[in-house]
Amino acid sequence: MLTEKIEKILNRQVEREGYSSLLYLSMASWAEASGYPGIAGWLYAQSQEELDHMLRFVHYINDRGGRAVVPGLETPPNDFEGVQALFEAVLKHEQFVTASVNEIVAACVEENDYSTHNWIQWFVSEQIEEESNVQEILDKLALVGSHNMYMFDRDIMSMRSEGEAPEGE
Ligand code: FEO
């Protein structure tokens with residue numbers, strides 16, 4: 001059984017993962033309309049992955065005797081200055097999500113909830129991987145420069161991880 005505090009912070013994460021999915025969907029749409037099909041493909045896949053993250057939280061809360069609440073979501077930004085600015089925004093958002101996951105870990109310790117503490121470790125690993133993937137993309141962008149966006153767009157899908165944290169499920 002979840003304590004009220006853990007149920008609340010897990011439901012906050014349902015909202016944040018859902019928003020992540022919408023944000024990347026909005027970015028994907030921008031990239032597709034701007035003539036970057038590869039970048040759009042990367043972002044559509046990322047959006048789907050965030051939806052999977054949201055569902056993991058929903059199922060976990062319900063399985064542990066709580067009740068997951070599906071929130072209304074804020075409208076994400078839908079215009080971006082360019083590819084570089086877009087991926088900088090992705091990295092910033094993932095850093096925010098990492099901080100949010102760390103707050104769940106801290107709450108688990110405070111509440112002596114070792115089951116949730118154990119369960120959330122998958123997300124701790126996943127966040128390390130997500131931040132590092134986006135950093136790699138930014139490094140590559142710095143290397144190719146804006147004059148070679150065609151190649152970058154063609155190759156970006158090969159930089160996608162499978163969306164599984166090292167430990168698996
Ligand atoms: Fe589910 Fe990218 O955080």
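Here, residue 1 is the first one in the sequence, and each next residue gets the next number. It should be emphasised that the depicted structure is a prediction, and the values quoted were computed from it without experimental measurement. Every number for a ligand or one of its atoms is a count from 1 in the order of the listing.
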### Message
Can you tell me how the ring of F123 sits relative to the ring of W119, calling it parallel under 30°, perpendicular over 60° and tilted otherwise?
### Response
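Taking W119 first and then F123, their aromatic rings sit tilted (interplane angle of 30° to 60°).
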
Check your understanding: For the ring pair W30 and Y24, is the centre-to-centre distance below 6.0 Å?
Key ->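 So the answer is no for these two rings.
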
OE1 (E50) to atom 1 (Fe) of ligand 1 to ND1 (H53), nearest 10°, is 90°

For atom 2 (Fe) of ligand 1, the nearest N/O/S atom on E130 is atom OE1

Review point. Should E17 and R56 count as an ion pair when the cut-off is N to O under 4.0 Å?
Key: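 Salt bridge: no.
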
Indicate whether any N or O donor in one side chain lies under 3.5 Å from an N or O acceptor in the other, for Q46 and E130.
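The answer is yes; a qualifying pair exists.
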
Please determine whether E17 has a backbone or side-chain N, O or S atom lying under 2.8 Å from atom 1 (Fe) of ligand 1.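 Under 2.8 Å: E17 contacts atom 1 (Fe) of ligand 1 through an N, O or S atom.
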
